[in-house]
Each structure stands twice: as C-alpha cells, then as structure tokens.
Asker: 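A single structure is presented below for examination.
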Number of protein chains: 4
Amino acid sequence: MTTRDRPQRADATRNRAALLAAAEAEFAERGLDASMADIARRADVAKGTVFRHFATKEELIAAIVGGHFQALTEVARALGDAPDAGAALVEFLTMAAGGQAHHDLSFLQTVTEGDSTVAALRDELHAEVEHLVARARDAGAVRHDLTGTDVWVLICAPVHATGFVRDPGPDLWRRYLAIIVDGLRPAGAQPLPGPAPTWP
Amino acid sequence: MTTRDRPQRADATRNRAALLAAAEAEFAERGLDASMADIARRADVAKGTVFRHFATKEELIAAIVGGHFQALTEVARALGDAPDAGAALVEFLTMAAGGQAHHDLSFLQTVTEGDSTVAALRDELHAEVEHLVARARDAGAVRHDLTGTDVWVLICAPVHATGFVRDPGPDLWRRYLAIIVDGLRPAGAQPLPGPAPTWP
Amino acid sequence: MTTRDRPQRADATRNRAALLAAAEAEFAERGLDASMADIARRADVAKGTVFRHFATKEELIAAIVGGHFQALTEVARALGDAPDAGAALVEFLTMAAGGQAHHDLSFLQTVTEGDSTVAALRDELHAEVEHLVARARDAGAVRHDLTGTDVWVLICAPVHATGFVRDPGPDLWRRYLAIIVDGLRPAGAQPLPGPAPTWP
Amino acid sequence: MTTRDRPQRADATRNRAALLAAAEAEFAERGLDASMADIARRADVAKGTVFRHFATKEELIAAIVGGHFQALTEVARALGDAPDAGAALVEFLTMAAGGQAHHDLSFLQTVTEGDSTVAALRDELHAEVEHLVARARDAGAVRHDLTGTDVWVLICAPVHATGFVRDPGPDLWRRYLAIIVDGLRPAGAQPLPGPAPTWP
DNA sequence: CATGAATGAGTTTTCATTCAT
DNA sequence: AATGAATGAAAACTCATTCAT
C-alpha cells in the first residue's frame, strides 16, 4: 500500500551491480554455460538473490547485453556530429573494441534474440552506427559501397580474432582493428561482392 | 584373442563417419551444448556406440576440430607453391571461410586447448599459413608488417561476422572477406600498431 | 516500553482478516502449494506482514481451519435444541456443505494434525455433531447404528464428490447430500458393517 | 538400426514396476508434493532412472491414474452382464473402494486433466459405469433419477470419508459405502434436487 | 510495525558417462 | 561390438522464513 518511493535500495543496488559484474566475469570465463550458482558465489550473495534481481538466466543476459548496447549508443551519439566523420567512425570502433577487450561477451547476443527490450536497444545502436557510416561515406572517408550494417557485423571482429592466440596482449586487438579499418578505406578498394545485408 | 586384424571394419568406419557428420550438424545447430544423445540419434546409432568411438565428448570435439585442421592443411599445401603468392593467400582464405560458411564450428576450438594431437595438427596448419603469408609478403602482395599469425587469427572473422545479422545469405561472408583482404594489402596501409602476436 | 495497550489495532485487525480471506482464496485455487508470497500479494500486504500475523504457514492454515470449525460449531449449537431433530441434522449438513461449496478447504485439515488449538476446536465441533446425531437417532430420524463420528466423516463428501466433474454447477452438491441423507434414514437401511470408528 | 524386439527388459520392467509402486506409496503418504527423489530412493533406483521411465512427474502420475482406470474398467466389464444388475453395481463400488482403501490417490486425477491418454481411459471407465447404472436402474435396483455420472463422482467418497478419523480400520470404508448404497436405493428415496451433471 | 531484500534448502529435470546384456 | 538402461552430479528455479531498514 504505502510503497512510497524506494528507501533502502542501498544493498539492493550494490548487489545488482555486483551481480552484473560477476556475471560478466563468469560468462567471459566459462561461456554461456556459466552457472547461476557460480555467479552468485562470485558476487558473494546467495543463489536466491540472483533470481530476485533477474528472474531467469535469460533476463540476466539481457541486462548485460542491453547495458552494453546502451553504453555504446552513448559513445556513438557523442561522435555523431564530430567534424571529421572518418575519424569519428574509427574512434567508435576503437571504443567498441576496447570495451570488449577485457570481456568478450558478444556470444551472449544469440540468447537475447527474443527479447524486445534488447532488440529496441540494439536497433537504437544500429541506427547510430548507420549514421556514423553514412557521414563517413559522404565524406569520402570509407568505401562508397559500405553500409552501416556492414560495419555493425564487424564491430566484434578485432577482439574475437585475438581469441585464437594463447596469450593475446591487452592491445592485440588494435592490430586487427587497423587491418579492418584499412579495409574500409576507399583507397585501392575492390568492389564488395554481393548485396549488402538488410537490417534487421 | 585377436583372431583377425579387423573383423567388420566396414560398419565401424561407416559409424565413425556418420557420427562425425552428425556431431558437426548438432554442434552447428545447438552449439557446445549439443548432447551426445542427440548426436547418437542423428547418426542412427545407440548412445553407447558414440562412446565406443570417442571416449569422451571432448575427444569427439577434438576429432572434429583436428579433421578440419587437416583438411585446411591440405588446401594450404596445394597452394604453397602457386605462382601468384598473393592470389594463393586469398584463395586459401576463401576456401577456409567457404568451409565454415555452412557449419561454423570455430567455437569448438576452445574445448581442445589441452589436446596435444589437435595441437600438433593446429601447428602444422599454422606453419602452412605462415608459409603462404611469407611468400605473399615477399611478393609484395600483402603489407610488410603482416605475420602468419595475424592471418591465422583472421581466418574465422568473415564467417563469424555474418552471425550478427538475422538471415545472412550463403555468400555474405564474401563481403567481409573482401574487406579484410583489402585491409591486408600494402596499398595505403597504415602501419600496424603493437607487436605481432607470438605463436603459440 | 508498552506505552499503550494497543496502538493501531485497526490496521492489524484489517490485515489479519484480509490475510485470512486471501489465504482461503489462494488455497482454494492453488491447493496446499499456494505460496505465502501470493497470499501476501492478494492481501495487498508485504510478505513480512504475513509472518508477523502467522509465524509459519502451518499456523496460517491452522487459523483457517480453526475458524471454519468455530463457525460450524455455532451453526450446530443453534440447531442443538431444534424441535425436529432429524431436520436439524439435515440442516446442519446442508449449512456445512454450503459453506464448502465456494471454497473447498477440507484438504487443509491434514496439515493441522499436530495443532492442539485446532484439535480442541475440532473436538468441540465433533461433540456438537455427536449431540445432533444422538437427538436424531433418539427421534428415529436416522438409522439406529449411526454415530456422530459417522456423520462427521461424511460432512465433506457431497462437495468433494462434485470435484470429479468438469464444471459442477454451484448446487450440484445438493444431489449428493440428498443421496447421503437418504442413506442415513432408517427406512430400508441395511445394518452398517463393522464397528463404528472411535473418536480419539 | 537393429532394434529387434526387446531383449533385456528384465531389470527395466522390474524397475518400472518398482517405480510405480514406490510412487503410489509416496503420493499416498506425502500427497502431490511427494518428490521424485524420494520416489527414486523408495524404489531403490537412481534419480535419473525415474526420468528414463517417466519423462516428467506428470507423466508418472498419468501412468498411475491411467493404470487405475484400466484396472477398474476391467472390473466393470466383468460385471457388465451379471444377472443381478443391482448386486453388480454394488460389487463394482465395493471393488473400487477396496482398491483405494490402501492408497487413496484420487487427488492425482486433477493433475492429469490435460492428458488425452488418461482422458480416453477415464471415458472408457465412465462408459462402463454408465452401463452398470443403466442396468441397475432398469432393474429397479437404484432410484430412477440416478445417472452414471452421479455414481462416478461418488466412487471415491467412502474411502475419502475415512480420512477424517485418526486410525481408520482397514474396513471402515465399508460403513460409508453401505450408507451411500442405501442412499442409492429406490426405497424411500426423496427426488434428487437439480439437474444431473453432464459428462464430461 | 510494515516492508521487501536476502537466504539456502529443496524441486524437477538434463546429460555425460558406465556397464550389464 | 552394439545396445540402451542405470547412474549421479549439476543446473535452473521456488519458496518458507529471517532480518536490516
């Protein structure tokens, strides 16, 4: 009845944050099979507390993925009207890869296919990427046949590539981002084969 | 009691092949969580038979991954003395990606970390890639700061990228291979940042 | 620290009543597995409040069962000296069944086996039933070998029977009460087999 | 492939029977909340074995309920053309109650509502009951306004009633069956109120 | 006093693996 | 050799109960 605002959110907020952090770490280490029990232990809370905050494992994953989309959307927005459109796109890709470098969680996206909240955040980010690419294309900074969706699918590539060597240094992804960025440039570009993918 | 050398190797060989095919299909569809029972059912054999051929799930995965390494090694060897070293490297990457396009099983590699047989096959393939890259580099077909390991880690990138759109056409990976290949070229290449990764 | 005798008993009383009503509804709908959380939600109070009023789920159930026993005891007492003893017994059974028709909670009794308060209320009701039956027997309105305990165990039968059809009308129990009442009559009664049950 | 007939069903058959027996005992003692783990322990098999035989708890319950329906259907069929139709109906009710006397599992029926196999077996039994009642009615052995469905809903009443005393003797149910049977007789019957329930 | 977050034992179910037939 | 039944260690999730605010 007297729900009032929400007073003692102190520990609850702390727990939620601890859970998200623990979950990211566990998923990064163990993959999709990371168990809710291990996540709870890592966050130093009881099993039941995980489910109080995230009713299902999917909901927890959705919170993680959605959070990352939101953070990247803010990055993209901040770059959306930078004077050098080509540099803005590169900066965006650098920030995106840098964020993944610690924990590559891109594989979590497959689980969130059916989640409309995540889908909305994903579409929002995609639109920003499309905008960054359009500006870079108009400025002649990237090849003319490149679409926002092309860039979208390549966002995770630099970090993902580093997963194939034993001990990737913390900055190894920068090499592969550089290669891909060079591949996006108009200079000496061979025409891209096939039609661009449609979104969604 | 070894009355004969191999009594009915026909059945056993057929079963082994059927199991590998079924396992690839199941892993491609269901990811690492594909169950041994489903694989057995798909191969139309009993669960026990799977374990007669592959003592553990890891061993089955190792067989799959090792097989793919072997197949790619043959491809690389066949291209190892082609007259156009640059084209040979591109052809190799195309064959590698084309093979994954149907069934992307690269995620299985993480499970085989500890398997020395797979490691040997992996190293063998890596050496061939190194060879292809060295020739292409010597021929001026790729940027001078590119190593075989750089190419190694990028092999899976084109197909992996296609996983981020809803309905990737069967040839979508060619777009991203084209971008990466353009990024490998010396024309207009910015120097690659950081040291190249060491192998292993 | 007992500054006053009862500060805001109004709220507490209202909550207790709301909780009992909510609990009856939940138990009727979901059976014994109705959760304390759902009961709290239905009563529009917090989970902790349920436990302030009823220290355990068993205590809550005991309160429900005891309340029903008390209500029926009053009904029986009001009929205890009616001029027509046979009609009084039928009226009692009708009132008892009518009360259950909306919410059949007889299954809750099994949980209260160990509760002495409930046992006392139960025995009180049983004594009244015994009285009603004795008077009816003395008046020749029911078979001579019928005991109060026999009637006691049959109280829930009419409503329970209706649970075996899909959509029992709200008055279907009257058919089965009529059959049982006819079975209690002396006319054409075959002697009851075995000894009557004892009441502990 | 070579599924052949089914050879070593020895232990499997034993286990299935042991599981059904254990499940009946557990459900009778603990109600619907009897746990699959306890059932396994009582049957002296591992937890997993329960699920090999009955994929879900509901399936196990359906097997129990369906089995009881089948057994009763055979009883009813055997009595379907007995010369004394009234005695046949009484005999059927006696057999039905006698079967429940040890383990009252009628509450399991509610769980099987959605199971079409059980529904078919239920309808089959209901048809037999309808037949027995029709014959008894035609023979003037039971009241003219009695339907098969009326009898159907009363089948469990005698045993259910015994649940309300502390230590019901093994034959106490016979007293309440006798009362109900007397209530079914035409002698001195008051007309049944309301319409008979429809099936299903 | 009421609230609702936290707890942790318990539930159903899955699955890699073993083993009797 | 093949089969499929049995095993038992998790996993996701629920819920009565406790307790800090």
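Note on naming: letters A, B, ... go to the chains in the order of the sequence lines (proteins, then strands), and numbering restarts at 1 for each one.
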Asker: What's the CG-P distance between D:D44 and F:dA5, to the nearest Å?
Answerer: 19 Å
Asker: Please determine, for the side chain of B:T56, which listed nucleotide (E:dA6, E:dT17, F:dT18) has the closest atom?
Answerer: E:dT17
Asker: Is it true that C:D33 and C:R30 have a side-chain N and a carboxylate O under 4.0 angstrom from each other?
Answerer: no
Asker: Which listed nucleotide (F:dA6, F:dA2, F:dA16) is nearest to the side chain of D:D11?
Answerer: F:dA6
Asker: Can you see which heavy atom on A:A62 is nearest to which on A:D115, and at what distance?
Answerer: CB-OD2, 3.4 Å
Asker: Please report, rounded to the nearest Å, how far the P atom of E:dT12 is from the CD atom of D:E59.
Answerer: 15 Å
Asker: Give one of base, sugar-phosphate or nothing for D:A34, where a contact means two heavy atoms less than 4.0 Å apart.
Answerer: sugar-phosphate
Asker: C:D38 or A:S35: which one's nearest nucleotide on DNA chain F is closer to the 5' end?
Answerer: A:S35
Asker: What's the closest nucleotide to the A:K47 side chain, out of F:dA10, E:dA9, F:dT17?
Answerer: E:dA9
Asker: Could you check whether D:D11 pairs with D:R14 (Lys NZ or Arg NE/NH1/NH2 to Asp/Glu carboxylate O, under 4.0 Å)?
Answerer: no
Asker: Can you tell which of E:dT18, E:dT12, E:dG4 lies closest to the side chain of B:F51?
Answerer: E:dT18
Asker: Take atom CG of C:N15 and atom P of E:dA2, then tell me their distance rounded to the nearest Å.
Answerer: 6 Å
Asker: Need to verify one output field. Residue with the more 5' nearest nucleotide on DNA chain E, B:A55 or A:T49?
Answerer: A:T49
Asker: Can you tell me the distance, in whole Å, between the CD1 atom of D:I61 and the C1' atom of E:dT11?
Answerer: 13 Å
Asker: Below 4.5 Å, heavy atoms only, C-beta onward: do B:F164 and A:R122 meet side chain to side chain?
Answerer: no
Asker: Rounded to whole Å, please give me the gap between NZ in B:K57 and P in E:dT18.
Answerer: 15 Å
Asker: Nearest nucleotide by nearest heavy atom, which residue falls closer to the 5' end of DNA chain E, D:L32 or B:G48?
Answerer: D:L32
Asker: Look at A:E29 together with A:R42 and state whether they make a salt bridge at an N to O cut-off of under 4.0 Å.
Answerer: yes
Asker: Which nucleotide wins on minimum distance to the side chain of C:R52, given the candidates F:dA16, E:dC1, F:dA6?
Answerer: E:dC1
Asker: Hey, where does DNA chain E pair up into stems, meaning at least three consecutive Watson-Crick or G-U pairs with distances under 3.5 Å?
Answerer: E:2-21 with F:2-21
Asker: Quickly work out the B:D33 CG to F:dA12 C1' distance and round it to whole Å.
Answerer: 13 Å
Asker: Find the distance between CZ (A:F69) and OG1 (A:T117) and round it off to the nearest 0.5 Å.
Answerer: 12.5 Å
Asker: Could you walk me through whether C:E24 and C:H102 pass the side chain to side chain donor-acceptor pair (under 3.5 Å) test, one step at a time?
Answerer: CA-CA 10 Å; C:E24 293 202 1; C:H102 191 51; over 6 Å; no
Asker: Rounded off to whole Å, could you give me the NE2-to-C1' distance for the C:H53 and E:dT3 pair?
Answerer: 13 Å
Asker: Expressed in angstrom and rounded to an integer, what is the separation of D:I39 atom CD1 from E:dT11 atom P?
Answerer: 11 Å
